[in-house]
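Take a look at the structure below.
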Amino acid sequence: FLDPPRPDTQRTIERAYENGIEVKMVTGDHTLIAKETSRVLGLGTNILKAESLPEKVDGKDPKLGEKYGDLILAANGFAEVHPEHKFLIV
């Protein structure tokens, strides 16, 4: 099953890149669906499962970026995420 992106999604991503904004996919969808959607949109296929992130996120942890920053920067996106993961990724 595939939940296709909206027709204007590709152009929106292109505009973001043109303005120096890096785009990553962050979705609750299954990893295979996320990889295919990301590939179609030109975002890359290095989509990691949320299990590579901590279950609980303490926004006050001063070492949060040090612990997970490189992982997040290297990924094209994340799949099977929960709302608390979005805080960490963004």
(message) Using every non-hydrogen atom in the two residues, find where A79 and A34 come nearest and quote the distance to one decimal.
(response) CB-CB, 3.7 Å
(message) With rounding to the nearest 0.5 angstrom, report the CG to OG1 distance, L32 to T37.
(response) 10.5 Å
(message) Is it true that, when you exclude D8 itself, more than 12 heavy atoms of the residues, nucleotides or ligands shown sit nearer than 6.0 Å to its CG?
(response) yes
(message) So, using side chain to side chain donor-acceptor pair (under 3.5 Å) as the criterion, who are the partners of K49 when residues are at least two apart?
(response) none
(message) Tell me which pairs pass salt bridge (charged side-chain N to carboxylate O under 4.0 Å, His left out) where either residue lies in residues 25-35, with sequence neighbours left out.
(response) none
(request) Considering non-hydrogen atoms only, spot the tightest contact between L71 and L53 and give its length. (result) CD2-CD2, 4.0 Å
(request) Mind checking side chain to side chain donor-acceptor pair (under 3.5 Å) for N19 and listing every partner two or more places apart, or none if nothing turns up? (result) none
(request) List the atom of Q10, the atom of V40, and the distance in Å for their closest heavy-atom pair. (result) OE1-O, 3.6 Å
(message) If I take atom CG from residue N76 and atom CG from residue L41, how far apart are they, to the nearest 0.5 angstrom?
(response) 11.5 Å
(message) I need the minimum non-hydrogen distance between V23 and Y17, along with the two atoms involved.
(response) O-OH, 3.6 Å
(request) Apply ring-ring contact (aromatic ring centres under 6.0 Å, His included) to H82 and list each qualifying residue two or more places apart in sequence or on a separate chain. (result) H85
(request) Give every residue pair that meets the salt bridge (charged side-chain N to carboxylate O under 4.0 Å, His left out) criterion with at least one member in residues 12-25, sequence neighbours excluded. (result) R11-E14, R11-E18, E22-K24
(request) For T31, enumerate each residue passing the side chain to side chain donor-acceptor pair (under 3.5 Å) test, keeping only those at least two apart in sequence or located in another chain. (result) E80
